[in-house]
Protein chains: 2
Amino acid sequence: MQKTGQPTINDVARIAGVSKKTVSRVINHSPLLNEETRKRVEEVIADLGYIPNPQARALALRRNFLIGLVHDNPNAQTVMNVQQGMLEALHGTEFEMVVRPVDRGAATMLDDLRHFLERQRLFGVLLMPPVSENDMVAKLCDDIGCRYVRMGSAQLDDAAHMVASNDREAVRIAVEYLVEQGHERIGLVAGPHGFRSARERRLGFEDALGAAGIALPRSLIADGNYTFESGLIAAERLLDLVPRPTAIFSSNDEMAAGVIHAARQRGLEIPRDLSIIGFDDTPIAAHVWPPLTTVRWPIASMARSAALKLIAGAEEEEVGVEEPSLFLSTLIRRGSVAAPGR
Amino acid sequence: MQKTGQPTINDVARIAGVSKKTVSRVINHSPLLNEETRKRVEEVIADLGYIPNPQARALALRRNFLIGLVHDNPNAQTVMNVQQGMLEALHGTEFEMVVRPVDRGAATMLDDLRHFLERQRLFGVLLMPPVSENDMVAKLCDDIGCRYVRMGSAQLDDAAHMVASNDREAVRIAVEYLVEQGHERIGLVAGPHGFRSARERRLGFEDALGAAGIALPRSLIADGNYTFESGLIAAERLLDLVPRPTAIFSSNDEMAAGVIHAARQRGLEIPRDLSIIGFDDTPIAAHVWPPLTTVRWPIASMARSAALKLIAGAEEEEVGVEEPSLFLSTLIRRGSVAAPGR
DNA sequence: GCCGTTTTGGAAACCGGTGTCAGCTATAGC
DNA sequence: GCTATAGCTGACACCGGTTTCCAAAACGGC
């Protein structure tokens with residue numbers, strides 16, 4: 001009697017002459033198993049090409065083999081980098097990635113997320129900034145019993161639940177580089193309120209100027225919201241100042257591209273008339289003209305590490321090395337910075 | 001006896017005083033049901049906030065409520081746009097999106113994909129180019145009994161399984177625009193071999209020149225692979241020609257950005273010395289300097305439509321309007337085109 | 001009023017795994 | 001040689017739905 005479709009655990013059990021339960025034990029690497037039995041069952045499994053049915057496992061275990069990516073990040077490139085890092089970590093495992101955008105503004109965001117998590121019974125979720133900075137969300141995951149790892153620009157949680165970068169320090173180093181080049185009048189295009197990354201980067205900016213003893217008038221800080229257009233508008237305001245700033249640090253690359261645009265529109269040459277440093281090192285940084293000096297934010301590596309944290313212990317082979325929780329951003333020097341007035 | 005966790009179909013049945021089966025009929029909108037019974041059950045469902053367990057349904061129905069996005073597209077922005085369109089279509093439904101990158105080069109690609117589809121028992125998959133152009137993949141889906149919709153730059157399949165754009169015609173119109181401006185020596189940065197989009201765009205390019213009676217020496221065609229760097233290298237070759245082309249059509253925006261780079265490196269001003277048209281209208285097109293004239297490829301709308309096709313009939317309310325299968329790309333005029341020699 | 005047909009509801013099996021717990025072997029200890 | 005113990009193994013219930021099959025009820029025609 002030839003069965004149709006894929007082999008089930010019953011087929012394996014029957015052919016190997018053992019019970020379902022024993023096969024289940026083999027699959028789950030139960031330690032209390034005779035070596036010989038295991039061998040025999042494994043052979044049958046290999047022969048049949050048997051693969052446990054994920055749906056049945058999900059039902060029995062009350063837990064899916066899905067990792068969720070929860071995000072409300074407006075930057076497509078950043079989201080893609082995170083996905084890439086996650087997928088790299090998940091590759092070859094039994095886990096799949098499901099993407100769940102949430103609406104930061106919506107009042108029902110937490111409820112929606114709760115419904116999603118309760119329904120889907122995900123194995124775990126990776127929280128991307130800025131939603132990852134919301135402690136209510138982390139608490140929600142805890143309440144529901146869903147594993148989670150948060151990504152962000154500062155340490156907000158213990159190492160088991162957090163993968164962070166050191167934005168503040170990285171920006172400090174970047175702005176110190178501007179100071180070393182001789183810049184004293186440096187503008188900041190800040191990120192949106194409510195983003196921790198925006199705050200950290202701004203603090204790093206202030207750190208650098210403070211350490212150099214350079215005063216920072218409020219007028220040299222312009223608000224942006226991480227979009228190209230907001231960078232352009234912010235730069236227009238900064239470039240209208242008299243005297244004009246000789247350098248601008250933009251809290252992300254996309255706004256930096258807007259700054260370049262604004263500068264070019266008024267005939268300024270970069271870096272002769274204006275030095276610019278961005279943040280993220282997205283492809284746009286290398287593709288604008290001149291190539292943008294920027295801070296490389298290792299977001300893909302962070303995502304990979306976060307995903308590995310999430311699934312650590314679930315896989316056959318233990319993750320030998322403890323995944324790092326703090327990632328260092330580095331300054332990438334390209335062509336958008338020079339000494340002022342030259 | 002207070003149950004913990006979420007209500008199950010048994011709870012609903014017990015409280016409503018009916019059998020599981022009857023509740024199941026209500027959930028699945030079975031027509032053979034007394035109107036009163038249905039009302040009563042629906043009330044209990046609403047009271048309890050009962051939501052059927054997707055894992056159990058997946059097991060019983062042998063079909064998951066997941067839509068897969070299968071892609072091997074190198075362009076992050078394109079992938080994001082597709083995801084956005086898909087998620088828009090899936091929003092508010094019971095479906096979730098799982099992303100599955102495949103390795104075009106790998107010899108085992110088809111086998112890997114087969115394993116994935118067989119294991120996960122997805123409701124359906126959306127195939128992005130260029131993997132969508134592979135007929136073997138479509139056949140695989142058919143064999144396995146997995147719904148699919150292909151996206152692409154030309155009609156490769158029947159309307160039920162395909163959402164296409166008219167790249168060839170769109171490029172023809174774009175290049176005719178260059179001809180109208182007075183350009184006669186126009187270079188092409190072609191896309192990679194094996195991409196249907198590359199072929200269609202090249203054909204559109206040739207159509208326009210042919211219609212205008214302009215000869216197209218082989219030397220004016222440079223190969224690229226859709227990356228910034230390949231565009232830069234291709235442009236360097238084209239700009240070395242004597243006489244130099246006065247305009248270049250690039251088969252996507254990212255390569256067009258490379259062309260701009262190459263032009264700028266040798267001191268050419270755009271559009272005075274060189275006109276450029278790209279394809280896709282990704283954000284980079286608006287953010288480079290000068291803003292790039294390009295063909296807007298409605299990939300997000302295509303993805304949305306494709307996803308709706310996929311789930312059509314599965315939802316309670318039928319999709320009233322038939323989803324379109326052909327999408328028109330339009331020329332977006334920005335600042336990178338001018339008449340030659342001025 | 002009787003019988004056949006249609007509608008409606010329930011019991012039980014099933015989807016394909018996992019958890020519990022009892023029972024069966026070996027081996028060791030005496 | 002007999003029991004205590006530990007190590008394996010299997011029977012059976014269960015996860016939460018759907019499907020099959022059948023019976024009861026309602027309905028309609030004569």
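Letters go in sequence order (proteins before strands), and every chain restarts at 1.
Taking atom CD of A/E94 as the reference point, atom P of C/dT18 lies 10 Å away to the nearest angstrom. The nearest whole Å value for the distance from the CD1 atom in A/I51 to the P atom in C/dG17 is 11 Å. At whole-Å resolution of the value, CD in A/E35 and P in D/dT9 are 10 Å apart. Distance, B/L59 CG to D/dC15 P: 14 Å, rounded to whole Å. We find that CD of A/E36 is positioned 16 Å from P of C/dT25, with the value rounded to whole Å. Summarising the geometry, the separation between CG on A/N53 and C1' on C/dG16 is reported as 6 Å, rounded to the nearest angstrom. Protein atom CG of B/N64 is 18 Å distant from nucleotide atom P of C/dC15, rounded to whole Å. One interatomic measurement links the two molecules: CD of B/E118 to P of C/dG16, which rounds to 14 Å at whole-angstrom precision.
No side-chain donor-acceptor contact under 3.5 Å links B/R119 to the backbone of A/I51. Counting only distance, with no hydrogens or angles, the side chain of B/N73 and the backbone of B/P129 share a donor-acceptor pair below 3.5 Å. With A/R104 contributing its side chain and A/D72 its backbone, the two residues share a donor-acceptor pair below 3.5 Å. No donor-acceptor pair closer than 3.5 Å links the side chain of A/S30 to the backbone N or O of A/R25. With hydrogens and angles ignored, the 3.5 Å screen pairs a side-chain donor or acceptor of A/R147 with a backbone N or O of A/L310.
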Could you list, one pair per line, each protein nitrogen or oxygen that sits under 3.5 Å from a nitrogen or oxygen of nucleotides 4-7 of chain D, together with the distance?
none

Please write out each protein N/O paired with an N/O of nucleotides 24-27 of chain D under 3.5 Å, distance rounded to 0.1 Å.
none

Listed pairs, N/O of protein and of nucleotides 18-23 of chain D, under 3.5 Å:
residue	atom	partner	partner atom	Å
D/dT18	OP1	B/N28	ND2	3.0
D/dT18	OP1	B/R57	NH1	3.2
D/dT18	OP2	B/S24	OG	2.6

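Legend: residues meeting ring-ring contact (aromatic ring centres under 6.0 Å, His included) with A/F327, ordered by chain and number and at least two apart, are absent. Taking A/R62 as the reference, A/R121 meet the side chain to side chain contact (heavy atoms under 4.5 Å, CB included) condition, with sequence neighbours excluded.
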Q: Please report the C-alpha distance between A/Q55 and B/Q120 in whole Å, then the side-chain angles of each, then the deciding distance to 0.1 Å, and finally whether the side chain to side chain donor-acceptor pair (under 3.5 Å) criterion is met.
A: CA-CA 8 Å; A/Q55 284 79 47; B/Q120 299 301 133; 5.7 Å; no
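A salt bridge links B/E118 with B/R114: the distance from a Lys NZ or Arg NE/NH1/NH2 to an Asp or Glu carboxylate oxygen falls below 4.0 Å. Taking a cutoff of 4.0 Å between a charged side-chain nitrogen and a carboxylate oxygen, B/K139 and B/D142 do not qualify as a salt bridge.
Heavy atoms only, all atoms of each residue included: A/Q155 and A/L326 are closest at OE1-CD1, 4.1 Å.
Each of B/T37 and B/R121 was assigned the nucleotide of DNA chain C with the nearest heavy atom; the assignment lying further toward the 5' end belongs to B/T37.
Side chains of A/R57 and A/N28: a donor-acceptor N/O pair is present below 3.5 angstrom, by distance only. Under the 3.5 Å distance criterion, with hydrogens and angles disregarded, a donor-acceptor pair is assigned to the side chains of A/H161 and A/D158.
Between B/S165 and B/M302, some side-chain heavy-atom pair lies under the 4.5 Å cut-off.
Taking 4.0 angstrom as the limit, B/T22 places a side-chain polar atom (N or O) nearer than this to OP1 or OP2 of C/dG10. Taking 4.0 angstrom as the limit, A/T8 places none of its side-chain polar atoms (N or O) nearer than this to OP1 or OP2 of C/dC15.
Rounded to 10°, the helix from C/dG1-D/dC30 to C/dC30-D/dG1 has 50° between the axis fitted to its first five pairs and the one fitted to its last five.
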